[in-house]
Each structure stands twice: as C-alpha cells, then as structure tokens.
Amino acid sequence: MASSSNQPNNTLYLNNLNDKVNKEELKTQLYALFTTYGKIIDIVASKSQAMRGQAFLVFNDLAGATSAMRACEGMMFYEKPIHIDYAKTKSYVTLQREDPNFVPPTAVNASSLLTQKRQRDDEAADGERNAKREKSEEDEEEMEIDDEDEPAQLSNTFSSTTAVPSASQQPSTRLLCTNLPQEVTDDVLAVLFQQYQGFQATQVALSPTPNADGAKVKIAQVSFETPELASVAKTALDGFTLKKGWVMGVAFI
C-alpha cells in the first residue's frame, strides 16, 4: 500500500467504488467487510453526483482504521479495486464524541471535504424526488438478484429445491453458510470471504426451509483451496452478524 499523505485519522476515505451498487447495499457490504478490523460507528455514502463512487468509514479508534486501510487497500470490491486513505479531517461524529459541546459549522466552505452534514443534506434534498424511483429500482434489483442466485456454480445439485446439505465435523474444502437474509448474493458473500486466503467461489440459493421465525432465508456453499484454509475462514466467520438479528452459521460439508 502506498503511504498516506494525510495525518492518521480514525475516519477513512474510500474511492473508486462501483457507483452502480445501490446505496444501502453498498453501506451494508462495506460494514460487513470492514467490521472485522474494528468497531465502525458511522458509514457515509451518497448517490449525489459529487459523491459517486466514494464513501467515508468512521472507526471507533485509529488502530482499527489503520488495520483496515492496510489490509483492504486495492482489494477487489464489486469488480473494482478499492482506494483507501485517511480522511483529511475528522468526521463530525468523531468531533462530537471528543467534545459533547461541538456544534457542526454551517458555512459551505467549513471543510475541504464533503462532510456528513452536507452529504445528509444532499440526501434529504433529493430523497423526496427519488423515493419512489429508488424503491422501484430496489424492487427490480431484488428480483434480478433472485434470478442470478439460481444457477449452480459449485454443484449442479445445489439449489433452492434441494435439501440443506448435512454439516460435517470433518474439515473439508467446502463450507455451508446458513441463516442468510434475502438480500445476500454471491457478490455480497464473496466480499466477506475473499479476505481469507484460498477463497475460490460462492454459491447462494434459497433455503428449502424457513428459519425459526418462519422467515424465508438463503443458504450458501463457499469453496476454498484446502480444508486448512477453509477452517480459518470458518473459525473467523461462524456466528458473524450480517445485520441486526441475522447471525450466520458456518459449517463444513
């Protein structure tokens, strides 16, 4: 990774992100990828023209931000390498944590960066105009995701019509991921697993049975080069919280 020209900061600036990804999905997957390096207290992303392909990640501490930057600089994320640097200024969230009396400035030129307040103003300004259109796009996107999940990539027999494969105590190159929310796709899961050496591919499908709450869920197979490498990923991600109320199970098959 090239050395940063900015002062170390617990806020990271990301660019070269795929601007075709839905904003909420982008924030969810950035969280899933970076939360393994430290506690994240805020993610700022906007679909405004000035912020396309960019985001700010605010970590709880500098150690987490630095670890994430070193590990993920250049990582492929939705088919594009992420470019990461320390943000030029501290985020408003950080300043407010350091000084409870801090009041964000209102001047347009208060910061050389698009701050969180301006980004949220942008979102509010176009939110009403685009709410219905964005909802429609998200619905279409979800339908397209479901279509893309059906073709088998790891096994011709793994699909939503088959029984859930039986878990095994014996280490193998294949992992079974269970209790995945509906929005999880092959790309989403790959972002999470590709940080572990030996990752090869994912295959997501609808589970033939609902979860304990009766909700439809997805399952997935993830393949690694060797059982040893698969074991490292299993140990790290078994019990990982994909989002509130959704804890992923990972087992050998």
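The residues of the chain are indexed from 1 along the displayed sequence. Here the structure is a predicted model, which means the values were calculated and not measured.
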What's in the same ILVMFWY side-chain cluster as Trp246, cut-off under 4.5 Å, chained through other members?
Val217
Min side-chain heavy-atom separation Thr202-Asp186 under 4.5 Å:
yes
So do Leu57 and Phe59 actually touch side chain to side chain, heavy atoms under 4.5 Å?
yes
Residues passing the side-chain contact (heavy atoms from CB on, under 4.5 Å) test with Leu62, sequence neighbours excluded, are Pro8, Thr66, Tyr86
In chain order, what residues pass the salt bridge (charged side-chain N to carboxylate O under 4.0 Å, His left out) check against Asp19, with sequence neighbours excluded?
Arg52
If you look at every heavy atom in Ala251 and Ala167, which pair is closest and at what distance?
CB-CB, 3.8 Å
Residues in side chain to side chain donor-acceptor pair (under 3.5 Å) with Thr35, at least two apart?
none
State whether Phe252 and Lys234 meet the cation-pi test: NZ (Lys) or CZ (Arg) under 6.0 Å from the six-membered ring centroid, and within 45° of the perpendicular axis.
yes
Val191: what forms a side-chain contact (heavy atoms from CB on, under 4.5 Å) with it, not counting sequence neighbours?
Leu33, Phe77
From Leu14 CG over to Ile43 CD1, what is the distance, rounded to the nearest 0.5 angstrom?
9.5 Å
Testing the basics here: between Asn16 and His83, what is the closest heavy-atom pair and its distance to 0.1 Å?
CB-ND1, 3.8 Å
When rounded to the nearest 0.5 angstrom, what is the spacing between CD in Glu73 and CG in Asp85?
8.5 Å
Do Leu237 and Met248 come close enough that some side-chain heavy atom pair is under 4.5 Å?
yes
Test of understanding: with side-chain contact (heavy atoms from CB on, under 4.5 Å), list the residues that count as partners of Lys216, not counting sequence neighbours.
Gln182
Do you know the tightest heavy-atom contact between Ala45 and Leu26?
CB-CD2, 4.2 Å
Distance check, rounded to the nearest 0.5 Å: Thr185 atom OG1 versus Gln29 atom CD?
7.0 Å
Residues Phe224, Ser231; criterion side chain to side chain contact (heavy atoms under 4.5 Å, CB included); working and verdict
CA-CA 9 Å; Phe224 279 82; Ser231 181; over 6 Å; no
To the nearest 0.5 Å, tell me how far Leu192 CG sits from Cys177 SG.
8.0 Å
side-chain contact (heavy atoms from CB on, under 4.5 Å) filter on Thr178, not counting sequence neighbours, yields Leu176, Ile219
Tell me every residue that passes side chain to side chain donor-acceptor pair (under 3.5 Å) with Tyr196, counting only those two or more places apart in sequence or in another chain.
none
Gap separating the CD atom of Gln194 from the CG atom of Leu189, nearest 0.5 angstrom:
10.5 Å
Check this for me: Phe240, atom CZ, are more than 12 non-hydrogen atoms of other residues, nucleotides or ligands nearer than 6.0 Å?
yes
If you look only at pairs with a residue in residues 198-210, which of them pass as a salt bridge (Lys or Arg N to Asp or Glu O under 4.0 Å), with sequence neighbours excluded?
none
CD1 on Ile82 to CE on Met69, rounded to 0.5 Å:
13.0 Å
Using the side chain to side chain donor-acceptor pair (under 3.5 Å) criterion, which residues pair with Gln54? Sequence neighbours excluded.
Tyr13
Short question: side chain of Asn179, backbone of Val247 - any donor-acceptor pair under 3.5 Å?
yes
